[in-house]
Undergrad: 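Take this structure, written in structure tokens, and hold onto it; I'll ask about it next.
Naming convention: chains lettered A, B, ... in sequence-line order (proteins, then strands); numbering from 1 in each chain.
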Number of protein chains: 2
Amino acid sequence: MAPEPTNTIQIPAYGDEHLAVDFSQQYATLDSVRMPLTRKEYDLLALLVQHAGEIIPRDALLLRVWGYGAEIRTRTLDVHVRRLRKKLGAYADVYIETIFGIGYRFQPFHAPRFFQSEPKPAAAVA
Amino acid sequence: MAPEPTNTIQIPAYGDEHLAVDFSQQYATLDSVRMPLTRKEYDLLALLVQHAGEIIPRDALLLRVWGYGAEIRTRTLDVHVRRLRKKLGAYADVYIETIFGIGYRFQPFHAPRFFQSEPKPAAAVA
DNA sequence: GCGGAGTTGTAAAAAGTTTGTAAAAAGCGC
DNA sequence: GCGCTTTTTACAAACTTTTTACAACTCCGC
């Protein structure tokens, strides 16, 4: 009876400086040019974009885009991420972050990126 | 009788003047900048921080972070402590104390370091 | 203080794991 | 079959963790 946690969030569309996704019409544009996405590519992008800023574990992506359970071992997710990145061109890694050991995260164009190399061995504290 | 919580107390977050740890999202920030921690580094830091002010014996750390029993001889704990300290930069030894022959202890930023036999579960930070 | 046994610190190598990638194979609709 | 999409395969590259080897330090009795 417990209703599933809303798996279809009602966002009509996403848009930032370069990328736009129309979820009702199911297509995306990059710098105003329509991106030719295949079905799976779109599904993957849409899921990532609908959770912009959140880390989505591989498990979750495989389950929600492919219906795969945890027992299935495949590299198809990686391949699709790669194709998406390719089609995102120069913005590839700006938009799609890899969270090592966990999954992926879509970041809106201007979102602050927390990762920085190494904290400088700063000056001593007395 | 209030039912005693099990040994795993769920504190939502920790924060002091410089360090913050979000246990539900599993990340830490140092002076508002996100610390890039690997999983094991995070696990170790989280366990220490959740027991701030308490000495945690090596045995306990090895058991709870690595699942190792007393028979296993390894220096991986020391190496991980070292990496954590490195990432804590100037605050390294302010936060992570070595208790010779026993283990380690995380101290909140302002906690005084005195000779006390058994430091009580230190009062919350202001 | 001094020395030794045991403990911890550290850098670097080795080992283990995860992700990236190209190309081939498999699947699907026409 | 043909063209397109998706999955698998096989290996490379990137990243994380553990081990190794030795230096430095602490404790304790003398």
Undergrad: In whole angstroms, how far is the P atom of C:dT19 from the CG atom of A:Asp93?
TA: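 About 15 Å, once rounded to whole Å.
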Undergrad: Can you list every salt bridge (Lys or Arg N to Asp or Glu O under 4.0 Å) pair that touches residues 15-35 of chain A, not counting sequence neighbours?
TA: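 Qualifying pairs, neighbours excluded: none.
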Undergrad: Run the salt bridge (Lys or Arg N to Asp or Glu O under 4.0 Å) test against A:Lys87 and tell me which residues pass, sequence neighbours left out.
TA: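 A:Glu41.
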Undergrad: According to salt bridge (Lys or Arg N to Asp or Glu O under 4.0 Å), who are the partners of A:Asp43, at least two apart in sequence or on a separate chain?
TA: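 Applying salt bridge (Lys or Arg N to Asp or Glu O under 4.0 Å) to A:Asp43 gives none.
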Undergrad: Would A:Tyr14 and A:Phe106 satisfy ring pair (Phe, Tyr, Trp, His ring centres under 6.0 Å), going step by step from the backbone distance to the final call?
TA: CA-CA 12 Å; A:Tyr14 168 89; A:Phe106 175 86; 5.4 Å; yes
Undergrad: For the pair made of CZ in B:Arg83 and P in C:dT10, what is the distance, rounded to whole Å?
TA: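 So the two atoms are 13 Å apart, to the nearest Å.
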Undergrad: Using whole Å, report how far CD1 of B:Ile96 lies from P of C:dT10.
TA: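 Going from B:Ile96 (CD1) to C:dT10 (P), I get 12 Å.
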Undergrad: Among residues 71-81 of chain B, which residues get a heavy atom nearer than 4.0 Å to DNA chain C?
TA: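 DNA chain C contact set from residues 71-81 of chain B: B:Arg75, B:Asp78, B:Val79.
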Undergrad: Under the side chain to side chain contact (heavy atoms under 4.5 Å, CB included) test against A:Tyr104, which residue among A:Leu84, A:Leu47, A:Leu48, A:Leu44 passes?
TA: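 It is A:Leu48; the other options fail the test.
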Undergrad: Which is true for B:Tyr42 with a 4.0 Å heavy-atom rule: it touches a base, it touches only sugar-phosphate, or it touches nothing?
TA: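 Here B:Tyr42 touches no strand at all.
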Undergrad: Which whole-number value in Å describes the distance from A:Leu84 CG to C:dT19 P?
TA: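 Between P of C:dT19 and CG of A:Leu84: 17 Å.
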Undergrad: Using whole Å, report how far CZ of B:Arg39 lies from P of C:dT19.
TA: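 Going from CZ in B:Arg39 over to P in C:dT19 covers 12 Å.
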Undergrad: Below 4.0 Å from chain B heavy atoms, what is the first contacting nucleotide of DNA chain D and what is the last?
TA: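 Here the contact window of chain B covers D:dT16 to D:dC27.
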Undergrad: Within less than 4.0 Å of OP1 or OP2 of C:dT7, is there a side-chain N or O belonging to B:Thr98?
TA: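 For C:dT7, OP1/OP2 do not have a side-chain N/O of B:Thr98 under 4.0 Å.
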Undergrad: Name every donor-acceptor pair, under 3.5 Å, that has one atom in a side chain of residues 67-75 of chain B and the other anywhere in the protein, sequence neighbours excluded.
TA:
from, atom 1, to, atom 2, distance (Å)
B:Thr74, OG1, B:Thr76, N, 3.1
B:Arg75, NH1, B:Asp78, OD1, 3.0

Undergrad: Under the rule for side-chain hydrogen bond (donor to acceptor under 3.5 Å, both in side chains), what residues qualify as partners of B:Thr29, not counting sequence neighbours?
TA: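 Here no residue qualifies.
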Undergrad: What is the nucleic acid contact for B:Tyr104, judged by heavy atoms within less than 4.0 Å: base, sugar-phosphate only, or nothing?
TA: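 Since only primed, P, OP1 and OP2 atoms lie under 4.0 Å of B:Tyr104, the category is sugar-phosphate.
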Undergrad: For A:Arg83, give me all partners under salt bridge (Lys or Arg N to Asp or Glu O under 4.0 Å), at least two apart in sequence or on another chain.
TA: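 Partners of A:Arg83 under the salt bridge (Lys or Arg N to Asp or Glu O under 4.0 Å) test: none.
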Undergrad: Counting side-chain heavy atoms from CB outward, which of C:dG6, C:dG20, C:dT18 is closest to A:Arg85?
TA: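 Selected nucleotide (nearest to the side chain): C:dG20.
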Undergrad: In chain order, what residues pass the side chain to side chain contact (heavy atoms under 4.5 Å, CB included) check against A:Ile55, with sequence neighbours excluded?
TA: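 By the side chain to side chain contact (heavy atoms under 4.5 Å, CB included) rule, A:Ile55 matches A:Ile99, A:Ile102, A:Arg105.
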Undergrad: So A:Ile102, base contact, sugar-phosphate only, or nothing? Heavy-atom distance under 4.0 Å.
TA: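 If one applies the 4.0 Å heavy-atom cut-off, A:Ile102 turns out to touch the sugar-phosphate alone, with no base involved.
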